[in-house]
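Atoms considered below: every heavy atom in the structure, side chains included; atoms not considered: hydrogens, waters and symmetry mates.
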Amino acid sequence: MSKIAMPGVSRRAFTIGAGVALAGGVLSGGQVMAQTFPSRPIKICVPFKPGGRTDLVARMLAEKIKENDWLPQPIAIVNADGGAGANAVNMMKRDPADGHTILHWQHQLLIAIAMELGNFSLDRFKSIGYTGGGSPIWAVHEDSPYQTLDELTAYLKDNPRGLVEAVGIGTIPHFVGAMLAQSAGFETRYVTANSGSDRLRLILGGNADIALFAASEYLSQGENLRPLVYFGTERLAQMPDVPTATELGYDVTWANPNWWLAPADTPDEHVAAIGAALEKAIADPEIVQYFEENTLEAYWMNGEDSMADARQTLEQLKSIAATIG
C-alpha cells in the first residue's frame with residue numbers, strides 16, 4: 001500500500017491527531033465531537049433478587065435490544081436487593097452520571113420515598129420512561145360470606161377493624177389496601193405477610209380475611225379465592241366479571257409500571273438513546289405477547305410524562321403514609 005505524504009505535518013503529530021479522531025470523531029474546523037453513546041456496556045441495577053417480575057422484564061428487554069442492535073453496547077443486569085432499594089440506588093450513584101449505569105424498579109420506589117426510607121428523593125433521578133406494567137386484585141377466600149366489595153365495605157363500616165388484611169408493612173399490598181380503605185371509609189387490622197405465597201397461605205388457612213395479589217398470581221393459583229375488585233383502569237380480559245375500583249366509585253388505581261431511571265445529572269441525549277431502544281423493545285410482538293399472557297400491559301411512556309405521573313402518585317402515597325406511619 002502506498003503511503004500518503006502529509007505536507008507540513010510530522011508523523012508523530014498525525015498519529016496523535018488520528019487517535020483523537022478515532023476516539024471521538026472530528027468536525028469541520030478541528031472541533032472534536034462527543035463520543036457516541038454508549039461507549040461501553042450499560043449496567044442495569046435491579047433492587048431485587050433474580051426471578052421476580054422487575055428482574056425478568058429487565059432481562060427480556062435487554063436481550064431484545066441486544067438481538068436487534070438497538071444499542072451498540074451489551075447490557076448487564078446486576079441484582080442488588082436489600083435496604084428498601086437503597087443498595088441498588090447507591091450502586092447506580094457510585095458510577096458516573098452518564099447513562100452507562102441505570103436503575104430498573106417500579107413504584108415501590110415511591111413508597112420508599114413516601115415512608116422516608118433509603119434517604120433519597122425523586123430529585124435524585126431522571127426518568128427514562130415506563131415499559132408497561134400490571135395491576136393487582138383484592139381477594140377473599142372462596143368460602144367468605146362477602147360476594148362483592150360493597151358487601152365487605154358495608155360490614156367494615158359497621159364493624160371497624162373487624163376483618164384481618166394480610167400485608168407486608170410498607171409494601172405495595174399495604175399501600176394499595178390503605179388507599180382503598182381511605183377512599184371507601186373503612187379500617188382493617190393487619191397480619192404480617194411479606195410475599196404473595198405468605199398472603200395466600202394466611203387466606204387459605206383462615207388466618208386472614210383479605211389480601212392483595214398480582215393478577216397473574218391469582219390466575220395461576222387462585223382457585224380457592226374470590227376476587228372482589230381489580231385496581232387497573234379497565235377490567236382485565238382474563239377476569240371480565242371482576243369490576244375495577246373506579247367502576248365501584250372509588251378513586252383508586254394501581255398500575256405498577258416497569259420504571260427505568262438514571263441519575264439526575266445524566267445528559268438528556270443519553271437518556272433519549274436508552275429510551276428509544278426501550279420503546280422499540282416494548283413494542284416487539286414477542287414482548288407484547290408475553291405481557292398479555294402474564295396479565296401485564298405493554299406500553300411506552302416517555303421520561304417527562306412518566307416523571308409527572310410518578311410525582312402525582314407520590315403525593316397520593318404521602319397522604320397514605322401520614323395515616324399509617
Could you verify whether a donor N or O on one side chain and an acceptor N or O on the other, from [X] and [Y], lie under 3.5 Å apart?
X	Y	answer
Thr253	Thr233	no
Ser195	Asp198	yes
Trp260	Ser127	no
Thr54	Trp105	no
Glu293	Gln289	yes
Asn87	Asp81	no
Tyr130	Asp309	yes
His141	Tyr146	no

Does [X] reach the main-chain N or O of [Y] with its side chain, forming a donor-acceptor pair under 3.5 Å?
X	Y	value
Arg226	Ser144	yes
Thr153	Leu149	yes
Thr266	Ala262	no
Asp98	His100	yes
Arg199	Leu212	yes
Ser319	Gln316	yes
Gln108	Gly170	yes
Asp305	Met301	no

Are [X] and [Y] in one and the same hydrophobic cluster, where Ile, Leu, Val, Met, Phe, Trp and Tyr link if side-chain heavy atoms are under 4.5 Å apart?
X	Y	result
Ile137	Val229	no
Trp254	Trp259	yes
Met239	Ile203	yes
Ile75	Leu261	yes
Ile274	Ile77	yes

Identify the heavy atoms of [X] and [Y] that sit nearest to each other, and give their distance.
X	Y	value
Phe213	Gly196	CE2-O, 3.6 Å
Tyr230	Ala215	CE1-CB, 4.4 Å
Ala193	Ala166	CB-CB, 4.0 Å
Ala273	Leu71	O-CD2, 3.8 Å
Pro243	Leu248	CG-CD1, 3.9 Å
Ile287	Ala281	CG1-O, 3.4 Å

In terms of side-chain geometry, is the basic nitrogen of [X] or [Y] positioned less than 4.0 Å from the acidic oxygen of its partner?
X	Y	answer
Glu286	Lys64	yes
Asp284	Lys280	no
Lys126	Asp268	yes
Asp265	Lys93	no
Lys49	Asp55	no

Heavy-atom distance under 4.5 Å between the side chains of [X] and [Y], does that happen here?
X	Y	value
Arg53	Asn256	yes
Ser216	Leu296	no
Arg161	Thr188	no
Leu317	Met179	yes
Phe231	Thr246	no
Leu228	Leu152	yes

With ring centroids as reference points, do His174 and Tyr190 lie under 6.0 angstrom apart?
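Yes; Tyr190 has its ring centre under 6.0 Å from that of His174.
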Within the 6.0 Å centroid threshold, strictly below: Phe48 and His104
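No, ring centres 6.0 Å or more apart.
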After noting the C-alpha distance and the side-chain angles of Thr295 and Leu236, does the key distance pass the side-chain contact (heavy atoms from CB on, under 4.5 Å) rule?
CA-CA 8 Å; Thr295 66; Leu236 191 64; 3.9 Å; yes
Could you state the interatomic distance from [atom1] ([X]) to [atom2] ([Y]), rounded to the nearest 0.5 Å?
X	Y	atom1	atom2	result
Leu180	Glu165	CG	CD	8.5 Å
Glu279	Trp300	CD	CH2	6.5 Å
Thr131	Asn258	OG1	CG	4.5 Å
Met91	Arg94	CE	CZ	6.0 Å
Leu278	Asn302	CG	CG	12.0 Å
Glu187	Leu156	CD	CG	9.5 Å

Verdict with reasoning, Asp209 to Arg189, per salt bridge (Lys or Arg N to Asp or Glu O under 4.0 Å)
CA-CA 10 Å; Asp209 301 294; Arg189 67 182 192 274; 5.9 Å; no
For [X], is the [atom1] atom crowded, meaning more than 12 foreign heavy atoms sit under 6.0 Å from it?
X	atom1	value
Gln147	CD	yes
Gln238	CD	yes
Asn224	CG	yes
Glu223	CD	no
Glu234	CD	no

Give the intermediate values and the outcome of side-chain contact (heavy atoms from CB on, under 4.5 Å) for residues Arg235 and Thr244.
CA-CA 6 Å; Arg235 293 195 185 198; Thr244 67; 4.2 Å; yes
Test log, rule side-chain contact (heavy atoms from CB on, under 4.5 Å), inputs Val140 and Leu225:
CA-CA 6 Å; Val140 296; Leu225 299 176; over 6 Å; no
Given the rule in the side-chain contact (heavy atoms from CB on, under 4.5 Å) test, do Val78 and Ile44 qualify, once you have shown the distances and angles that lead to the verdict?
CA-CA 6 Å; Val78 181; Ile44 299 173; over 6 Å; no
Tell me whether the rings of Phe120 and Phe125 are parallel (<30°), tilted (30 to 60°) or perpendicular (>60°).
perpendicular
Kindly indicate, with the supporting measurements, whether the criterion ring-ring contact (aromatic ring centres under 6.0 Å, His included) is fulfilled by His107 and Phe175.
CA-CA 11 Å; His107 277 178; Phe175 270 74; over 10 Å; no
